[in-house]
Every structure is written in structure tokens, then in C-alpha cells.
Amino acid sequence: MPPKGSGAGSKGAGDKNLKSKSPAEFFQDNKGIAGFENAGKSLYTTLREFIENSLDSAESIGMLPEINISIEEVTLTQYEELIGLKTHVRQDDSLYADFETEKEKTKRLKQEERKANAAAKKGGGGDGTRVPGGGKKAFFRITVEDNGKGMAHNDIPNMLGRVLSGTKYGVRQTRGKFGLGSKMALIWSKQTTGLPINITSAQPNQKFISNYVLDIDIERNEPNVHKEEKTDNDKNWNGAILSVIIEGNWSAYRNKVLSYLRQMAIVTPYAQFNFKYVGATDAKGNVDVVFRRRTEVMPTLPTTTKHHPSAAKENQLLIKDLLSNTREKTLQNFLQKEFTCIDKAHAGRLIAELGKGFDAQMPPKEVTDTQGTRIQQLLSSARFADPDGGCLSPAGEYNLRLGIMKELSPDWVASFVGPALACAGHPLIVEACVSLGGKDVKAGFNVFRFANRIPLLFEAGSDVVTRCVQRLNWGSYKIDKNNDKIGIFVSIVSTKIPFKGTSKEYIGDDNVDIAEAVDRAIRACAIQLKGKISRAQAAKEKRARKKVLQRYIPDVSRAIAGCLKDSAAFAEPPHKRAKNNANAGTLWEVDLAWEKEILDKVRNGQVTAATLARKLEDFVESMDSEQALEHSMQNKEGLTDAVHLMNVGGSHEFAPIVYHPALAFKGLKASVLGKHPLR
Ligand SMILES: Nc1ncnc2c1ncn2[C@@H]1O[C@H](COP(=O)(O)OP(=O)(O)OP(=O)(O)O)[C@@H](O)[C@H]1O
């Protein structure tokens, strides 16, 4: 790299403005792209970068993560002592810009609370730019301790003091990826407090504990070690403790920090998070909360995989890199071993397709640049099977369901796990859960996003999940997007999540493969819910129908009992009193028997209004819509029995069986007699 400020490599008069920047300088100048745009956001991002490193570290050695997290407010006096400034006791407080009267303080606190609440409702975190105290800076010591694999003693300065260095660049699902997060925390602390980072670390079974105090030489992008020592590891401890003092804004980001932890606990139920916030003076706002481990079962660890051949489409240099680094001795083995989804025969066919100048046995090292480009072209345009996703570690349907139950206590939940697909050459799985209802849930969408099991709390509006949710025609799934309480959990895992920016806050909607996979997953859940909704609607209608029928039972049974009583009062059977029964037909004898039986029962008190009401109640109770339909089909009747009024002595076209001076009941077949409610 040419020296900073020089006309790099220039001969004679070069452009005096030509300068080079180290990666650390670049990120110092562009902190926003790494999630360090203001004091509040920086506090949040520092915390999450440390926590995510801790989880990666514990999981990588199969250890159930136990993470202790603390945020301690540091007073200005304490801070000044830490940096060696002799504390000046103010003589006249009102001289200073941060002086506040009690009235001003009350007003400010109210405003801050309103702003934080509004931001929380909007899903944002407030900008956190206004520091509490009307311009007074607030400082916090952030400490995160884990029980993970620690770091090798000599690697620590580079791991934590050199931007773009890390151990997670391979094709493997990890929360970290860029080799940047903890260094950004260090750059932020250097800029705002000038204080270094403290690191304590021990690898499993290591006899000593590494202790470092270091900061970063931003211009050179090099670690600047203040203190390095090894102490005895008597207790055989392993893990890491990172502690840093930064400027922050707790009140504006308190809710964000807590929801981050809550969602992290949901998606990582096998981890335990012990969190505490300690205010400098006022213990009222202190927080001490434990997110307990809910299961001892860790999901299978993600494994390092090889590139999917479609990765060649995205990265022109990939083939050349792989060709120069491979240990394989032949081109055929190279294609088979360096990529997923290519077996030996397939590799042979691809080499034949590459054409003249290529040979299955040629050594990869002899492939020229032009030939490398030809391979890259072929792999970009050929069709390959999707990867199987076995190298990934998804959150799991069970955990998502558990999460949604815990967050929203919904009435219904549907879940779906999509098959693995290749996204820019990386395997990717989308899992989704959609819920309806729940107490204390706002109407409309409640979206929860996770990527490689990290909760994403910012930039919801631009995220692929939110966009898919908004595009879906929820009405066609019988879901009212404005009035129903809809919960949506989407988790995406991959060996490389295509985040927008290094702050890992959202995944863009422009990636068609991901957008389609998310859309498919949410749709699959919506279809399941539609089935549940339809069944619930049918049940509701059934209940309503029953209620209507039941409402008429007292009147109907009273009326029928009255008719029967009147008919029974005559000594002569009703049919003998009927005139002109031309349509009596073959049912006549049976009907007469039924008539005699029922009227006898009325006479001896066996059939009363109460008996009829009870029978009708039983019938309505046992009759659901299918049964009613079946009953009616079997008996070739309509769904309702017609009751015909007739003039006394007048003619009618049915075969009446019970006559009343004012009406007659239509005749029934013998087969029905045993089942009819009047029996
Ligand atoms: N608590 C920890 N335990 C063990 N190793 C750690 C821990 N914290 C950081 N490291 C090591 O330091 C490296 C750099 O961490 P850093 O946070 O800067 O980047 P990263 O996690 O690799 O990627 P990203 O910038 O995407 O978070 C990590 O790759 C990891 O190897």
C-alpha cells in the first residue's frame, strides 16, 4: 500500500490529492454501514457483536452457551479518572452547557420517553443522537463473558485489533462473517472515550489465561497492545471476556436491547443469557434479567461445505482461486471434489462440454487463465441440482413455533420449512411461521425476522420478509390484514446471508431467489391457516344454526303438544274425520298405526310438551350439517319438513297422519318412524 498522503507510485508530478486509506480508517469514516451511526445505536451494535461472537464460539465446540452480559453506566467523574484527568469540581454549574433546571429535566425525560415509545411502536429505535442530559455524554462499560472456545494467545491482537480479520470467512453458517464487528466496537470506543479493550481468554484445557489490553492503530490497521500477560488457569476455565467502555445512550435503546435479547433467547433456546444493566446513580432503572435455557438439546452444528457450482456466476475470480489452491491432481477430480452437486460422471460430461484443449486428466495447475474463464462460463450457465442443505443449522420448526407462542400466544399457528436452494452459490433455507390472534397483539402484521439465527430489528421496511408480507394477497387466504392479529416469523439460514451492509440489519428484496423462497414459505403457512379458518367458520355456522333451532323448540313443542292434545280429545281417530283422502296410498295403514300409538301416548301423559322439547333438543344436538344432509338424502326429503295448514274438512294432496282442526302433519315413511323426533 502506498504511504498515506503520498502520490502513490507516482513518477514526477502526480495528483497531490491521491491518498490511500487503511480498512480501519475506511470504517472509522463510514461507521454507519457497520451499525455505528450514533451513540445509542453503537451501544446496541457493540452488545450484539459481542453476544453473537460468544454464541458462535460456544457452539463451535458443542458447548451449551452461557452468556453473561452487563452494561454499567460510567459517570463522568469515573470516566475522567479512567483517562487520568484530574476531576474538576464545578464551582458554578449553571455556567455549563449541560446545566439543567429541575423543570427542564422533567420536561426532557418526558420527551425522551414519548420519543422512545413512538420509535418502539414504529419498529425503530429512535435515533439515539440526543444524549441524555441535554448534550451531556453518557458512558457505559459493556462486558460480555462466554464459555466458548476462547482464542489462541498469539492470535488475540490480530483477531480483535485488525479490521477485516477473523476465522469465519469459510463456506459455513456462522453469525459473524466480515471480521469486523468487535473491531468496530473498538474503533468506536477509541473515538468516543479513547479507552482500549480488555480481553480475557482461555481455550479448553489451556493451563493459562490470556489477558490483553489493546487498541487499534487506525492509520496502519494494526493492533496496539498496551498489556499482555498470562495468568494461571487454576479453575480450568475456558471462554472469553471482552470489556469495553464506549459512549452510548441507554434510554433510547433500552427497548431494542431487551427485544434483541428476548428474540435471541427464542431462537437460541439452548443458550442461557444473564443480563444486567446498572445505572451510575439511580438504581430505579436497573435491569437484572435471566433468559433461561429451555432445552439442553443443541441443533446439529453447521458444517463447512464446498461451493455450489453456481457460485461461479457471482464470482468471476472463484475458479481461478480454487484452481491455484486445490490439492487435486486432475481436472475431473477438481470439479468433483471442490464443488457440491457434481459427481465423477457429471464432471466428465462437463469436461467434454468444455471442448478442445480440455482433458479430464489435465492438472488444475496447468489450466490457463482463458481456460479458467471458459470453466467459469460453463459452470455459470449449466444446470445443477440444489444443495441438500445438510451443512446448515436452521432454527427448526419447533423453535419457531415455540417462539411465536411465547411472543404472541396466538390462537392458531402454521409453520413451513422450505427445501434448501442455492443462492449465489450458497445453500440457503427459509423457515416460516404465521400465527393468528393472541392477547396483547396489535392488529395487522407483527413481523419477526432472523438471519443465521440473529434477530434483525432494524430496516424492517426494506427487508425482503416485510416486502413479501406486504405483497401477499391475504384476503385470498381469508385473512384480514388490517383487523386480524397476524404474527409472522421468518428465519433464513445460509453459509452466506446477502445482507445489505456490514451491519447485518436486513436482506434486500432484490434477490429474486430469496424473495421467491420467502414468499413460498409464507404462502404455505397461509394455506394451512385458510384450511383452519374454513373449518372454524363451518363450526361457527353450525353453532349458530343450532342456536336458531334451539330458540324455536319451546314454541314448536308447545304448539305440537297442543295439536296432539286436541286430536287426542276426539274419541274418533283423526283420519276418520278427514274427508276426501284421495292420496292416502299404501302408507295409510302404517300411518294409522303411528297415529293410534302417538295419540294413546298423549292420552296417558307419555307425550307432553316437555317430552317433545326434550326430544327436539336431543335431535338438534346430535344433528350437524353433514348428518342433516345425509339424513335428508337417505330419506329423499328436503332439509325441512313442510307443515301444511288445511281447512277442517277440506281436501289436501298429502297423506296426513295427524289432523288438527287447523292443520295436518305430512305423512312419514315407516323407515323414518323410529328416528323421527316426535316418536
Ligand atoms: N468471544 C469470542 N470467543 C472466541 N473468539 C472470538 C470471540 N470474539 C471474537 N472472536 C474471534 O475474533 C474474530 C473477529 O471477530 P469480529 O467480531 O471482529 O468479526 P467476526 O465475528 O469474524 O465477523 P463479523 O464482523 O461479521 O461479526 C472472530 O472471527 C473470532 O475468531
Side-chain angles (χ1 to χ4, degrees), residues 23-24 26-28 30-31 33-36 42 44-63 65-70 142-190 197-204 206 209-212 214-216 218 221-223 237-244 260 264 271 273 302 304 451-456 494-505 507:
F26 171 80
F27 281 104
Q28 174 182 245
N30 299 285
K31 289 185 292 293
I33 60 172
F36 287 78
S42 299
Y44 169 84
T45 310
T46 300
L47 200 76
R48 61 165 279 201
E49 290 292 353
F50 285 3
I51 294 173
E52 287 160 22
N53 279 342
S54 289
L55 286 170
D56 277 343
S57 171
E59 283 175 18
S60 70
I61 51 166
M63 195 77 141
E66 170 120 23
I67 322 273
N68 299 322
I69 306 146
S70 73
I142 296 186
T143 307
V144 175
E145 173 182 354
D146 62 61
N147 56 345
K149 67 172 179 182
M151 289 161 272
H153 184 83
N154 292 335
D155 288 343
I156 292 175
N158 279 331
M159 295 258 209
L160 300 173
R162 190 188 295 277
V163 167
L164 304 186
S165 62
T167 53
K168 306 175 192 167
Y169 291 124
V171 190
R172 184 166 189 251
Q173 176 190 329
T174 48
R175 295 175 180 82
K177 196 89 264 174
F178 302 110
L180 181 67
S182 50
K183 273 78 75 176
M184 283 308 299
L186 184 50
I187 290 175
W188 175 257
S189 87
K190 190 169 166 115
I197 186 169
N198 285 266
I199 303 132
T200 309
S201 156
Q203 298 192 292
Q206 191 174 275
I209 295 176
S210 307
N211 298 288
Y212 272 93
L214 60 85
D215 74 5
I216 183 166
I218 291 181
N221 188 27
E222 273 177 9
W237 172 76
N238 65 275
I241 307 172
L242 270 65
S243 185
V244 69
Y260 170 81
M264 186 59 111
F273 300 91
T304 302
N452 278 358
R453 300 205 246 125
I454 303 173
L456 306 181
S494 173
T495 50
K496 184 166 183 240
I497 300 275
F499 286 113
K500 290 283 183 197
T502 57
S503 55
K504 301 183 203 138
E505 279 162 4
I507 302 166

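Both counts, for ligands and for their atoms, begin at 1 and track the order of listing. Both backbone and side-chain heavy atoms feed into the values below; hydrogens, waters and symmetry mates do not.
Shortest contact from atom 16 (P) of ligand 1 to any protein heavy atom: S182 OG, 3.2 Å. Closest protein heavy atom to atom 18 (O) of ligand 1: K183 NZ, 2.7 Å. Of all protein heavy atoms, the one closest to atom 26 (O) of ligand 1 is K177 N, 2.6 Å. In this structure, atom 1 (N) of ligand 1 lies nearest to the protein heavy atom D146 OD2, 2.9 Å. Annotation: atom 17 (O) of ligand 1 to nearest protein heavy atom, N53 ND2, 2.7 Å. Shortest contact from atom 30 (C) of ligand 1 to any protein heavy atom: T167 OG1, 3.6 Å. Closest protein heavy atom to atom 11 (C) of ligand 1: M159 SD, 3.6 Å. Closest to atom 10 (N) of ligand 1, if we only count protein heavy atoms, is M151 SD, 3.8 Å.
For S57 (side chain) and K149 (main-chain N/O), a donor-acceptor pair under 3.5 Å exists by modelled atom type. Of the possible polar contacts, none joining the K504 side chain to the A451 backbone as a donor-acceptor pair under 3.5 Å is found. Checking side-chain atoms of T45 against main-chain N and O of S42 turns up no donor-acceptor pair under 3.5 Å. Checked by atom type and distance alone, the side chain of R162 never pairs as donor or acceptor with a backbone atom of P223 at under 3.5 Å.
Backbone and side-chain nitrogen or oxygen atoms of K149 are examined, and none is located within less than 3.5 angstrom of a nitrogen or oxygen of ligand 1. When only interatomic distances are considered, the shortest N/O to N/O separation between G179 and ligand 1 falls below 3.5 Å. Close N/O approach between F178 and ligand 1 is found [any backbone or side-chain N/O within under 3.5 Å]. For ligand 1, the polar-atom distance check finds an N/O of G181 within less than 3.5 Å of one of the ligand's N/O atoms. Considering backbone and side-chain N/O of A240, none are found under 3.5 Å from N/O of ligand 1. For ligand 1, the polar-atom distance check finds no N/O of S165 at less than 3.5 Å from any of the ligand's N/O atoms.
Within ligand 1, counting atoms from 1 as listed, the ones closer than 4.0 Å to a heavy atom of E49 are 27 (O). Taking every non-hydrogen atom of K504 and a distance limit under 4.0 Å, the qualifying atoms of ligand 1 come out as 24 (P), 26 (O), 27 (O).
In summary, R175 and E59 engage in a salt bridge, as defined by a charged side-chain N under 4.0 Å from a carboxylate O.
For the atom pair CD1 of I33 and CG of L180, the computed distance is 8.0 Å after rounding to the nearest 0.5 Å. Taken to the nearest 0.5 Å, the CD1 atom of I67 stands 6.5 Å off from the CG atom of N147.
By the 30° and 60° cut-offs, the orientation of the rings of F36 relative to W188 is tilted.
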Yes or no on side chain to side chain contact (heavy atoms under 4.5 Å, CB included) for S503 and M184, after CA distance, side-chain angles and deciding distance? CA-CA 10 Å; S503 55; M184 283 308 299; over 6 Å; no
